[in-house]
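I have placed the structure first, in the form of structure tokens, so that the comments after it can refer back to it.
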Amino acid sequence: MRNIRRQFAAELRKYFLEVKCYYPDHIVNLVVLFIMFFGFFRLFTNSDVIPDSAYYIGFVYWFYANGIIGESSVSISTEKQSGTFEQLLIKPSSLSSILFYRSACWLLFQSVEIAIVMAALHIFLSVPMSFSLFVIPVFIITMLGLIGISYLLSALTLIFTKTASFTTIFSYLLLFFSGVANGVGVRSAAYFIFPLSQGIDISRRLILKLEVTLLDMGLLAVNSFVYLFLGMLVFHYVMKSGRNKGISMEY
């Protein structure tokens with residue numbers, strides 16, 4: 001437990017120092033996020049119909065998904081490019097745990113930026129928004145499933161190094177086919193495949209105080225943990241194979 005706290009604290013401090021040193025980048029990121037979310041509301045809503053107060057949550061989930069599935073891959077690719085990947089491999093902590101804590105830290109820092117942007121949209125553009133604390137555990141479970149997907153992409157990065165194109169394609173497929181812009185109760189086939197679709201639907205229902213069954217929560221939990229387990233299984237297999245074949249260090 002102590003080792004876990006030390007790893008998380010180290011990654012948290014690293015992200016904090018990056019924000020402190022490169023704060024202009026984060027200011028620009030806030031502006032870009034504001035423009036992006038404003039564009040989403042204009043693109044996916046009818047100007048004659050005011051969306052409900054839970055409509056925004058789908059775009060927020062997609063933004064997290066877009067970042068989290070590529071965070072680990074970009075991290076590995078950057079380490080390989082800078083020649084520091086070997087240092088990660090000789091650390092007492094496993095690479096998979098390091099990537100997990102980095103993803104968790106990314107979620108924390110991005111949550112601050114998202115909160116600022118959503119508040120600005122609500123205040124200055126009168127975008128209707130509500131929230132429920134019950135969304136938090138749903139969000140965490142959903143993110144675990146997406147981290148599992150990020151492990152799958154990280155496994156590809158260990159072999160091919162550059163997988164940004166795969167990540168980009170997958171993220172935009174999620175935008176249009178995972179129910180990000182659907183109304184409450186509209187469930188496509190993706191609902192039974194991707195934890196993102198389930199997380200969005202359940203979160204909207206919780207915000208609007210509609211019924212959420214144990215079956216809905218159970219399906220989300222099972223789906224997310226299956227993705228997480230398979231992602232880690234494939235990642236460790238590729239990692240072990242890469243050590244034997246000597247491909248882990250190649251860029």
Side-chain angles (χ1 to χ4, degrees), residues 8 33 37 40-41 44 51-72 99-119 121-122 127-153 170-171 173-232:
F8 183 73
L33 279 178
F37 279 109
F40 282 159
F41 282 107
F44 290 99
D52 60 59
S53 60
Y55 188 77
Y56 76 97
I57 202 70
F59 301 106
V60 171
Y61 267 82
W62 175 81
F63 170 77
Y64 280 113
N66 185 39
I68 203 67
I69 63 177
E71 176 66 17
S72 297
L99 295 177
F100 183 87
Y101 296 129
R102 286 186 178 181
S103 297
C105 291
W106 182 89
L107 286 171
L108 287 175
F109 279 92
Q110 288 302 313
S111 294
V112 175
E113 295 186 2
I114 282 291
I116 295 173
V117 170
M118 290 297 106
L121 285 170
H122 179 67
V127 175
M129 294 181 187
S130 299
F131 187 72
S132 171
L133 291 177
F134 294 109
V135 170
I136 295 178
V138 175
F139 173 79
I140 293 174
I141 295 173
T142 305
M143 289 303 110
L144 288 175
L146 295 175
I147 289 175
I149 297 175
S150 78
Y151 276 124
L152 293 173
L153 293 174
F170 187 71
S171 64
L173 286 175
L174 287 178
L175 174 62
F176 292 102
F177 296 105
S178 64
V180 169
N182 289 347
V184 176
V186 179
R187 296 179 175 181
S188 62
Y191 177 85
F192 302 96
I193 301 173
F194 297 117
L196 177 63
S197 301
Q198 297 160 7
I200 291 172
D201 183 73
I202 293 174
S203 296
R204 282 178 175 155
R205 289 175 176 274
L206 289 172
I207 291 173
L208 297 175
K209 295 180 173 54
L210 299 177
E211 182 184 8
V212 175
T213 66
L214 289 177
L215 179 61
D216 293 329
M217 290 299 300
L219 182 61
L220 172 63
V222 170
N223 208 354
S224 290
F225 284 108
V226 166
Y227 271 102
L228 182 61
F229 175 76
L230 287 178
M232 295 189 71

Between Ile200 and Phe194, is there a side-chain heavy-atom distance shorter than 4.5 Å?
no

Taking C-beta and beyond as the side chain, do Phe63 and Val117 meet within less than 4.5 Å on heavy atoms?
no

How long is the span from the [atom1] atom in [X] to the [atom2] atom in [Y], to the nearest 0.5 Å?
{"X": "Leu215", "Y": "Thr213", "atom1": "CG", "atom2": "OG1", "answer": "5.0 Å"}
{"X": "Leu228", "Y": "Ile141", "atom1": "CG", "atom2": "CD1", "answer": "12.0 Å"}
{"X": "Gln110", "Y": "Asn66", "atom1": "CD", "atom2": "CG", "answer": "10.5 Å"}
{"X": "Tyr64", "Y": "Ile114", "atom1": "OH", "atom2": "CD1", "answer": "5.5 Å"}
{"X": "Asp201", "Y": "Asp216", "atom1": "CG", "atom2": "CG", "answer": "7.0 Å"}
{"X": "Trp62", "Y": "Ile57", "atom1": "CH2", "atom2": "CD1", "answer": "15.0 Å"}

Chi angles and distances behind the side-chain contact (heavy atoms from CB on, under 4.5 Å) call for Phe139, Leu107:
CA-CA 11 Å; Phe139 173 79; Leu107 286 171; 4.3 Å; yes

Looking at [X] and [Y], what are the two nearest heavy atoms and their distance?
{"X": "Ser53", "Y": "Ile207", "value": "O-CG2, 4.3 Å"}
{"X": "Ala65", "Y": "Leu196", "value": "CB-CD2, 4.0 Å"}
{"X": "Val138", "Y": "Phe134", "value": "CG2-O, 3.7 Å"}
{"X": "Gln198", "Y": "Ile193", "value": "NE2-N, 4.3 Å"}
{"X": "Leu146", "Y": "Ile69", "value": "O-CG2, 3.9 Å"}

Filter on salt bridge (charged side-chain N to carboxylate O under 4.0 Å, His left out), then keep only pairs touching residues 104-119, sequence neighbours left out; what's left?
none

Do Tyr61 and Ser203 have a side chain donor and acceptor closer than 3.5 Å?
yes

Step-by-step side-chain contact (heavy atoms from CB on, under 4.5 Å) determination, Phe131 to Ile136
CA-CA 10 Å; Phe131 187 72; Ile136 295 178; 4.1 Å; yes

Please check: side-chain N/O of Ser224 versus main-chain N/O of Pro195, any donor-acceptor pairing under 3.5 Å?
no

Side-chain donor or acceptor of Tyr151 paired with backbone N/O of Phe229 under 3.5 Å:
no

For Phe100, is the CZ atom crowded, meaning more than 12 foreign heavy atoms sit under 6.0 Å from it?
no

More than 12 heavy atoms of other residues, nucleotides or ligands under 6.0 Å from CZ of Phe109: yes or no?
yes

